[in-house]
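Reminder, nothing fancy here: chain letters follow the sequence lines and each chain counts from 1.
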There are 2 protein chains.
Amino acid sequence: MLSSIIFYSLDRAIRSYRRMAQATIDRAGLDITIDQWLVLRVLLEHDDLTQHDIAERVFKDQASVARILALLTRRGLVSAVPLPHDGRRSQLRVTEEGHRILDAVQPIVLQNRALALAGVSEEELALLRPVLERIALNCTPTPGP
Amino acid sequence: MLSSIIFYSLDRAIRSYRRMAQATIDRAGLDITIDQWLVLRVLLEHDDLTQHDIAERVFKDQASVARILALLTRRGLVSAVPLPHDGRRSQLRVTEEGHRILDAVQPIVLQNRALALAGVSEEELALLRPVLERIALNCTPTPGP
DNA sequence: CGAAAGACTATGACATGTCATAGAAGTTGC
DNA sequence: GCAACTTCTATGACATGTCATAGTCTTTCG
């Protein structure tokens, strides 16, 4: 039955893409992971988010985001300055070096997407998206009352 | 643009599914992960595969398979008896306990798939699969000569 | 035969996923 | 203003993903 393997195909597609994408970034001599890049992108556009907010945007766990932020900070791609009005949080900003990496990765990501979607029409993509979102929704626990 | 978020949707769909699936297995009191279950299933049907063969079937790395097999063996779901004709390998077999777990997990997995695909038609699935396989193929490095 | 080449498994190192929780800091309600 | 609750971050524990490589065993070939 089709449904019996659709999740396997899903898994395979996304993992193939991630492997390929990471490989192109590595080959370009850029020392950053896909996941770190994702978080860095979010920080570029919003510098006032909690780790939980960031996690929601990149669909990760707060714990994962905490570790990724620690790595980004350690590598000097993000600066963290304690916020005066909330002792728990820090002001996170993409550094100059962070901007350089973002700029260098951006065209690679675009190329990767194009490569991955070669031979896939816009119509097919248009059909794909609602199905994927339906699956995600079906699998998301309803936040009980 | 659609293509700019399709991979995000893909990622979200498969992760949502995996979280939900693991949660149902945990709730049933079964001490096994999705990935361990996948490998166990393969062993049930083929007991003469190398780790590399298994890895291909479940689309994992050989190193991951090695660790999963070690866990399955440690938990008594798989037995490993050194092969006489090849000192590197072992004969891997699903134990009684392994069979019990497989039997217990099977209906849960079927339910999970149905739940995840609620509201998705067979036609949509039929459209989805070739696109996913196309993406996987596009992202797979051609084994050079 | 014996050495080089290849196959197979195990493991180190690091990043991430997930759950759980500790510890610190803010908020609410009385 | 204090206690209870909530929010936020950090981290421990364990599983997996990925790359690289060590160590063992097999096959090949000169």
Side-chain angles (χ1 to χ4, degrees), chain A residues 11-12 14-27 31-40 48-56 58-75 77-78 80-92 139 141, chain B residues 11-12 14-27 31-40 48-56 58-75 77-78 80-92 139 141:
Chain A
D11 199 54
R12 224 159 85 83
I14 193 67
R15 284 203 217 182
S16 299
Y17 174 71
R18 288 177 65 92
R19 280 185 202 172
M20 182 273 285
Q22 189 64 58
T24 61
I25 290 174
D26 294 346
R27 263 202 306 276
D31 185 22
I32 192 172
T33 68
I34 301 279
D35 297 296
Q36 289 165 16
W37 175 78
L38 266 174
V39 171
L40 200 54
D48 60 340
L49 301 177
T50 66
Q51 291 185 1
H52 188 265
D53 293 335
I54 297 171
E56 274 198 346
V58 296
F59 203 66
K60 290 182 186 305
D61 194 77
Q62 176 262 328
S64 301
V65 171
R67 280 164 181 131
I68 289 174
L69 285 175
L71 279 174
L72 287 173
T73 304
R74 180 140 51 83
R75 291 186 186 174
L77 307 187
V78 163
V81 179
L83 280 174
H85 67 281
D86 190 335
R88 298 166 298 183
R89 302 177 48 193
S90 287
Q91 174 74 52
L92 301 173
C139 295
Chain B
D11 199 55
R12 224 159 84 83
I14 193 67
R15 284 203 219 183
S16 299
Y17 174 71
R18 288 178 64 92
R19 279 184 204 174
M20 181 273 285
Q22 188 65 58
T24 61
I25 291 175
D26 293 347
R27 262 202 305 277
D31 186 21
I32 192 172
T33 68
I34 300 279
D35 297 295
Q36 289 165 15
W37 175 77
L38 266 175
V39 171
L40 200 55
D48 59 342
L49 301 177
T50 66
Q51 290 185 1
H52 189 265
D53 293 334
I54 297 172
E56 274 197 347
V58 296
F59 202 66
K60 290 182 187 302
D61 193 77
Q62 176 263 327
S64 301
V65 171
R67 281 166 180 129
I68 289 173
L69 285 175
L71 278 175
L72 287 173
T73 304
R74 181 139 52 83
R75 292 188 185 173
L77 308 188
V78 164
V81 180
L83 279 173
H85 67 280
D86 191 334
R88 297 166 299 183
R89 304 177 48 195
S90 287
Q91 173 73 51
L92 300 173
C139 295

(request) Report yes if some heavy atom in the side chain of A:Lys60 is under 4.5 Å from a heavy atom in the side chain of A:Ile68; otherwise report no. (result) yes
Taking OP1 and OP2 of [N], is either one under 4.0 Å from a side-chain nitrogen or oxygen of [X]?
| X | N | result |
| --- | --- | --- |
| B:Ser90 | C:dT9 | no |
| B:Gln51 | C:dA10 | yes |
| B:Lys60 | D:dT16 | no |
| A:Ser64 | C:dA15 | no |
| B:Arg18 | C:dG17 | no |
| A:Arg75 | C:dA15 | yes |
| B:Gln22 | C:dG17 | no |

Without decimals, in angstroms, what is the distance between [X] [atom1] and [N] [atom2]?
| X | N | atom1 | atom2 | value |
| --- | --- | --- | --- | --- |
| A:Asp35 | C:dA15 | CG | C1' | 8 Å |
| A:Leu69 | C:dG17 | CG | P | 13 Å |
| A:Asp53 | D:dT9 | CG | C1' | 13 Å |
| B:Arg15 | C:dT16 | CZ | P | 11 Å |
| B:Arg89 | C:dA10 | CZ | C1' | 15 Å |
| A:Ile25 | D:dT18 | CD1 | C1' | 15 Å |
| A:Arg12 | D:dG17 | CZ | C1' | 17 Å |
| A:Met20 | D:dT18 | CE | C1' | 16 Å |

(request) Sequence neighbours left out, what passes side-chain contact (heavy atoms from CB on, under 4.5 Å) with B:Leu83? Give chain and number order. (result) B:His85, B:Arg89, B:Gln91
(message) To the nearest 0.5 Å, what is the distance between CG on B:Leu40 and CG on B:Leu72?
(response) 5.5 Å
(message) To the nearest 0.5 Å, what is the distance between CZ on A:Arg18 and CG on B:Asp11?
(response) 5.5 Å
(request) Treat primed atoms plus P, OP1 and OP2 as sugar-phosphate and everything else as base, then score nucleotides 19-26 of chain C 5' to 3': B for base contact with protein heavy atoms under 4.0 Å, S for sugar-phosphate contact only, - for none. (result) B-----BS
(request) Assign each of B:Leu49 and A:Arg74 to its nearest nucleotide of DNA chain C by heavy atoms, then name whichever residue's nucleotide is nearer the 5' end. (result) B:Leu49
(message) Please check this pair: side chain of B:Asp26 against backbone of B:Ala23, looking for a donor-acceptor N/O pair closer than 3.5 Å.
(response) no
(request) Using atom types as modelled and distance alone, determine if a side-chain donor or acceptor of B:Gln36 lies under 3.5 Å from a backbone N or O of B:Leu69. (result) no
(request) Please determine if B:Arg19 forms a cation-pi arrangement with A:Phe59, meaning its NZ or CZ atom is less than 6.0 Å from the six-membered ring centre and no more than 45° off the ring axis. (result) yes
(request) List in chain and number order the residues that pass side chain to side chain donor-acceptor pair (under 3.5 Å) with A:Arg12, two or more places apart in sequence or in another chain; answer none if no residue qualifies. (result) none
(request) State which residues pass side chain to side chain donor-acceptor pair (under 3.5 Å) with B:Thr24; sequence neighbours excluded, sorted by chain then number. (result) B:Asn112
(request) Answer with base, sugar-phosphate or nothing: what part of the nucleic acid does A:Leu71 contact at a heavy-atom distance below 4.0 Å? (result) sugar-phosphate
(request) Scan B:Ile68 against the nucleic acid and name what it touches under 4.0 Å (heavy atoms): base, sugar-phosphate only, or nothing. (result) sugar-phosphate
For nucleotides 3-5 of chain C, tabulate all protein N/O to nucleotide N/O atom pairs closer than 3.5 Å, reporting atom names and distance.
none

(request) Keeping to residues at least two apart or across chains, list the side-chain hydrogen bond (donor to acceptor under 3.5 Å, both in side chains) pairs with something in residues 61-71 of chain A. (result) A:Gln51-A:Gln62
